[in-house]
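To find a chain, count down the sequence lines: A is the first, B the second, and so on, and within it residues start at 1. This one's a predicted model, so the numbers in the text were calculated from it and none came from an experiment.
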Amino acid sequence: MSSENEEGERSAGVQPEQLALIRDSVRKAKVPRAKPRTWRGAALAGSLPVARVVVDKGVLHLDRYFDYAVPEELDAQAQPGVRVRVRFGAGTRNVRDGRREGGGLVDGFLVERVAESDYTGPLAALAQVVSPERVLDEELLGLARAVADRYAGSLADVLQLAVPPRHARAEGLPSPPPTAARPEPDPGSWRRYARGPEFLAALAAGGAPRAVWTALPGPLWAEEIARAVQATLASGRGALVVVPAGRPAARVDAALRALLGEGQHALLTADAGQERRYREWLAVRRGAVRAVVGTRAAMFAPVRKLGLVVVWDDGDPGHADENAPFPHVREVLELRASRDKCAFLLGGWSCTVEGAQLVESGWAAPLAADREQVRAAAPLVRTVGDGDLARDEAARAARLPSLAWQIARDGLRRGPVLVQVPRRGYVPRLACERCREPARCRHCAGPLEARDAGPLVCGWCGRDEAAWHCPECGGFRLRAQVVGARRTAEELGRAFPAVPVRTSGREQVLDTVGPAPALVVSTPGAEPVAEGGYAAALLLDGWAMLGRPDLRAGEDALRRWIGAAALVRDQGEGGTVVVVAEPTLRPVQALVRWDPAGHAVRELAERAELGFPPVSRMASVTGTPEALTEFLGQAHLPPDAEVLGPVPVPAVEPGRPRRPGDAPPGERWERVLVRVPPGSGAALARALKTAQAARMARGLGAQQAVRVRIDPADIG
DNA sequence: AGCACGCCGACT
DNA sequence: GTCGGCGTGCTC
């Protein structure tokens with residue numbers, strides 16, 4: 001793997017869209033606050049003098065409530081749900097009155113007022129009620145608890161993601177009054193789906209239908225989501241839409257505005273800045289706004305009387321939170337749908353294996369257009385295999401097969417042509433050019449990786465390999481690196497000198513392009529929308545997309561191809577797509593037939609057979625070999641758990657930002673995967689959390705640290 | 001992770 | 001005697 005991040009969407013300049021309520025950044029941003037008064041000798045509240053508090057400490061062995069005494073003066077403000085500050089940590093015990101002093105002040109939430117504590121020691125007093133705003137209601141608390149349990153994490157960590165940092169000024173402003181009545185919902189383009197109008201009618205009638213929706217290609221999806229929201233609002237309930245990035249959020253935002261008018265919904269994205277973010281969130285919390293669209297942190301938005309949750313494009317890595325305990329939007333919204341008994345809509349142009357599983361298990365119903373509709377709405381897809389490319393001398397030189405060349409030239413007469421190239425550094429697994437045998441380290445069999453310059457480097461042990469040759473066929477040429485978007489643009493510019501070439505990628509994402517002929521070179525996830533649709537698209541270097549050593553490589557490649565191809569005109573208007581990839585491969589065939597759901601179903605069957613997620617639940621545990629042995633020895637894993645590994649954790653190459661799960665610099669870490677059959681996921685999470693908490697309490701956390709992660713993303 | 005407690009060695 | 005080393009355990 002190169003020094004670049006492999007996530008296309010994230011690199012497409014959308015990262016700032018995502019909320020990053022990282023503990024550290026919050027801490028850094030913390031302004032020094034006035035010292036609260038001490039409550040020594042103060043009278044306590046007359047009734048329910050004990051407050052149960054969740055302290056903002058993410059560590060697992062502190063993941064429970066702590067009781068504090070409520071001074072009389074704080075009695076009125078100290079209501080369930082408010083933010084409080086308390087003294088926490090080993091403090092000096094004052095012998096005179098038995099109360100505790102000292103210990104640091106930490107933030108927390110008051111979750112409950114009770115008559116007495118079951119703690120036998122003397123209670124410390126609440127130091128301060130930060131504000132009377134009740135930000136954490138029972139619903140959100142319950143959801144956060146469920147998410148923490150699901151991911152073997154702590155409640156405090158989840159609350160950190162779920163409740164945005166306070167901004168006093170935003171709290172002072174009154175939220176606008178609740179919204180007025182809305183027009184009768186109309187199914188609109190949902191009529192394109194056989195059961196679309198039925199789904200909307202169920203929403204409008206207050207029902208809780210659950211659907212996995214394979215959206216037809218084209219731009220109508222945002223409006224269709226808005227219509228689903230509108231139908232839900234008409235039933236007197238609220239709705240929540242979570243999309244993977246700022247651009248799709250803006251599209252749904254615009255669609256909602258067009259359909260509902262101003263002020264009827266909130267847009268929750270991270271680029272808004274703290275004050276606006278908190279103000280919008282409060283408007284939702286206070287019930288002034290009943291519909292929400294946002295990026296992943298919005299998955300916790302405290303929508304009142306939630307009637308519908310929507311996830312768009314759940315395969316996008318932007319839906320996976322980057323902070324402990326790494327909850328995934330789809331999973332969290334599934335939990336919300338189950339807990340709140342509300343409707344659930346999982347939509348996308350493509351379909352994930354998890355989506356297929358929701359249908360297969362009967363939890364959700366499929367919502368798709370019939371084949372005829374799909375064929376009419378999709379572009380014509382043609383393939384150029386690797387072999388064809390190799391035989392095509394001219395093409396190999398120009399890196400553009402003649403078919404692609406023709407289609408581009410033809411398309412450029414009628415409008416813009418999209419060229420999708422994988423991100424440079426997207427190809428982690430090098431292979432022999434002749435026989436395709438993966439290039440492996442001669443010492444440890446790890447995958448060899450190419451750096452910008454210099455010799456090959458082993459991704460596992462870090463050794464240089466200066467003189468690689470293929471052990472199978474004796475070849476000594478490796479398959480070329482992916483050519484980046486910029487160089488592709490230069491090459492194409494020379495090939496089509498009369499046509500403007502534009503690029504969209506990590507540094508600069510184009511949002512839209514006009515209908516005039518142009519070549520638009522883009523990395524996956526950064527494709528601009530073309531006014532009137534692209535005349536054609538070329539999907540280059542398919543082998544690189546498919547060759548990643550990742551369980552999701554096929555699914556991901558298909559999702560990214562479909563993401564580009566869905567921007568192309570339908571075949572009635574001459575829209576054509578060329579994909580340069582082996583035509584026999586399953587994802588390629590699925591693209592040609594435009595059958596992402598079928599692809600997901602077949603993937604699911606294969607995963608079931610191999611015992612892979614999401615059919616079984618997996619957790620990864622990483623740490624030094626000694627720490628792993630110790631941890632696994634102590635943990636009471638469920639009897640049906642299977643431990644796979646350990647295998648070495650790939651080294652963190654210099655320059656790449658460190659991610660959770662990476663070994664600290666200089667340490668050799670290993671990873672095991674723990675697998676349980678369906679139904680034992682909760683037991684697995686519980687066991688891992690208990691074991692982790694126990695060793696933290698024993699102080700093993702620092703030097704003998706292990707990291708636990710449920711549903712790890714990268715199991716190759 | 002902090003932070004205070006406790007039980008050893010070196011110093012006035 | 002008493003100051004302070006950091007190993008160990010707890011946080012209402």
Q | H328(A) and H319(A) aromatic ring geometry - parallel, tilted or perpendicular at 30°/60° bounds | A |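 The rings of H319(A) and H328(A) sit tilted, inter-plane angle from 30° to 60°.
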Q. Do Y119(A) and the base of dC12(C) stack face to face, with centres under 5.5 Å apart and an angle between planes under 30°?
A.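 According to the criterion (under 5.5 Å, under 30°), yes, Y119(A) stacks.
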Protein-nucleotide distance ([X], atom [atom1]; [N], atom [atom2]), rounded to Å:
X: D118(A); N: dC12(C); atom1: CG; atom2: P; value: 15 Å
X: D67(A); N: dT11(C); atom1: CG; atom2: P; value: 12 Å
X: H61(A); N: dA1(B); atom1: NE2; atom2: C1'; value: 8 Å
X: F88(A); N: dG2(B); atom1: CZ; atom2: C1'; value: 11 Å
X: R64(A); N: dC10(C); atom1: CZ; atom2: C1'; value: 9 Å
X: D56(A); N: dA1(B); atom1: CG; atom2: C1'; value: 13 Å
X: R87(A); N: dA4(B); atom1: CZ; atom2: P; value: 12 Å
X: L44(A); N: dC12(C); atom1: CG; atom2: P; value: 16 Å

Q: For a salt bridge (charged side-chain N to carboxylate O under 4.0 Å, His left out) with R296(A), tell me which candidate from D316(A), D313(A), D314(A), D321(A) qualifies.
A: D321(A)
**Q.** Side-chain donor/acceptor of R617(A) to backbone N/O of A685(A), under 3.5 Å
**A.**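 No; judged by distance alone, with no hydrogens or angles, the pair does not exist.
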Q | Cation-pi check, R37(A) onto W39(A) ring (under 6.0 Å, within 45° of axis) | A | yes
